[in-house]
2 protein chains.
Amino acid sequence: MARPPRYSTDQLLDAAAALAGTGGPAAVTMTAVAKSAGVPSGSLYHRFPGRPALLAEMWLRTLGRFHVSYTDVLAGPGEPRPLALAAARHVVEWSREHPQAARILRYGAADFGKESWPAPALERLESANAQVMSAVASLATRLGATDDTARERVTAALIEVPYGLVQRHLREGTPVPATAVDMAADCAEALLPPA
Amino acid sequence: MARPPRYSTDQLLDAAAALAGTGGPAAVTMTAVAKSAGVPSGSLYHRFPGRPALLAEMWLRTLGRFHVSYTDVLAGPGEPRPLALAAARHVVEWSREHPQAARILRYGAADFGKESWPAPALERLESANAQVMSAVASLATRLGATDDTARERVTAALIEVPYGLVQRHLREGTPVPATAVDMAADCAEALLPPA
DNA sequence: CCATTATTAGAGAGCAGTCTCCAATACAAA
DNA sequence: TTTGTATTGGAGACTGCTCTCTAATAATGG
């Protein structure tokens, strides 16, 4: 009934992600994506209503890929404490394996113009974040974190600290050392409620 | 001998820093800085040869302010271990006290166009970083960190972990909770060589 | 083979941002 | 007062980016 697409959405997002990974948000211009993917600007605007929409899709795709692997770990079988340690390790391992994606997530959604995103994209972001936060929260209760401080410590152990361990390497473009995985686990041990 | 300056360099950098703190690197356009400071573009370009130079000065001023307070702590008197814990705490405390500055340092120099900076600015950056790294390294040896892994753990304890603890709050614009200070110290305990 | 339609293709309008240039200005020194 | 000079002030050239518009194209269903 119609002409088949020559360029896939993923292909365009790949180009955008590559630019974002190396040059940060500012490098992801519509012109640069079009050039890098070998697509005329018209085709790009046929897929995405504008730059904010493209940035939103790229961000959500990247975040989603991390989220599925992360929630997989969180939802795994076994005792909560080993699970929490595994989750902390996983953040670092995932960053080691997906440096380009991790370099994108190093920025906030705000750095990719979140405030201009189309409403559906914002909702997807909201729901993705809520899902992860609820998984972490449920693990926190299983760990015996009752008050706010204890819950904050769990969040820090599972997300913020492992992420911090990786940041500098992502910024500098150097590979994340394997020793960072153990550091994340050691910090988690120190932050989680006593066993 | 000449007309006195009406606008100080600091005043212009303040405007730039405010823009960077709220909107990130992309918000710091020469036009925006001029408008926000109430300065015509000609005056701005009289002080700074171009946008890269302005960004460099802003970054170096912000980094320098952190560095002096941080190296003060590192060079303090006393046993190395309490000193290291104090340094870890200090990173979080400083971010709590200087949220705007911390929000700037959350980005890398690369995000502020480091590759286009004038050569003298690059040298100053290099030397500032080297100074801090050497202070950390000397503390690491005093702590008994002999191999590379142990040294990496010290760096992580003193810089990367405390910084990671603060990141999310900086991104979201929420104040950094006081509990984060203790978390930084607890993680440092776990990462430093055993006492 | 024709009509329909999603997609490609690219030219170019419009705009925001950087930077240049030159005249006007205000002060210090002679 | 006069001269010299660092600075202000702003107009506008130039560039790069976003986005629009229209025509061409390639497949499908009748």
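Lettering of chains follows the sequences in order, A, B, ..., and the numbering in each one begins at 1. Source: prediction; values computed, not measured.
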Test B:Asp10 against B:Arg61 for salt bridge (charged side-chain N to carboxylate O under 4.0 Å, His left out), laying out the working first.
CA-CA 9 Å; B:Asp10 265 337; B:Arg61 190 184 72 160; 2.9 Å; yes
Can you find a pair of side-chain heavy atoms, one from B:Tyr107 and one from A:Arg171, that are under 4.5 Å apart?
no
For nucleotides 11-22 of chain C, just jot down a letter per nucleotide in 5' to 3' order: B, S or -, based on protein non-hydrogen atoms under 4.0 Å.
B-----SBBB--
For B:Phe66, all residues meeting ring pair (Phe, Tyr, Trp, His ring centres under 6.0 Å), sequence neighbours excluded:
B:Tyr70, B:Trp94
To the nearest Å, give me how far apart CG (A:Leu54) and C1' (D:dC19) are.
14 Å
Would you tabulate the side-chain donor-acceptor contacts of residues 112-124 of chain A under 3.5 Å, counting partners in other chains and residues two or more places apart, or write 'none'?
unit_1	atom_1	unit_2	atom_2	d
A:Trp117	NE1	A:Phe112	O	3.0
A:Arg124	NH2	A:Glu57	OE1	3.1
A:Arg124	NH2	A:Glu57	OE2	2.4

Got a donor-acceptor pair under 3.5 Å from the side chain of A:Arg3 to the base of D:dT25?
yes
Please give me every residue in residues 5-23 of chain A whose heavy atoms get under 4.0 Å of an atom in DNA chain C, ordered by residue number.
A:Pro5, A:Arg6, A:Tyr7
Whole angstrom is fine here: how far is it from CZ in A:Arg47 over to P in D:dC19?
18 Å
Only residue of B:Val92, B:Val91, B:Val161 satisfying side chain to side chain contact (heavy atoms under 4.5 Å, CB included) with B:Val166 is B:Val92
Euclidean distance, atom NE2 of residue A:His46 to atom P of D:dT22 [Å, nearest integer]
17 Å
Scan residues 177-195 of chain A for pairs that pass salt bridge (Lys or Arg N to Asp or Glu O under 4.0 Å), counting only residues two or more places apart or in two chains.
A:Arg81-A:Glu189, A:Arg89-A:Asp182, A:Asp186-B:Arg153
Nearest to the side chain of B:Pro40, heavy atoms from C-beta on, is which of C:dG10, C:dT7, D:dG10?
D:dG10
Show your working on side-chain contact (heavy atoms from CB on, under 4.5 Å) between A:Leu139 and A:Val154 and close with a plain yes or no.
CA-CA 9 Å; A:Leu139 186 58; A:Val154 172; 5.7 Å; no
Could you go through residues 20-43 of chain B and list every donor-acceptor pair under 3.5 Å that involves a side-chain atom there, pairing it with any protein atom two or more places apart or in another chain?
unit_1	atom_1	unit_2	atom_2	d
B:Thr22	OG1	B:Ala18	O	2.9
B:Thr22	OG1	B:Leu19	O	3.3
B:Thr29	OG1	B:Ala32	N	2.9

Return the value, rounded to whole Å, for the distance between atom CZ of B:Phe48 and atom C1' of D:dT7.
14 Å
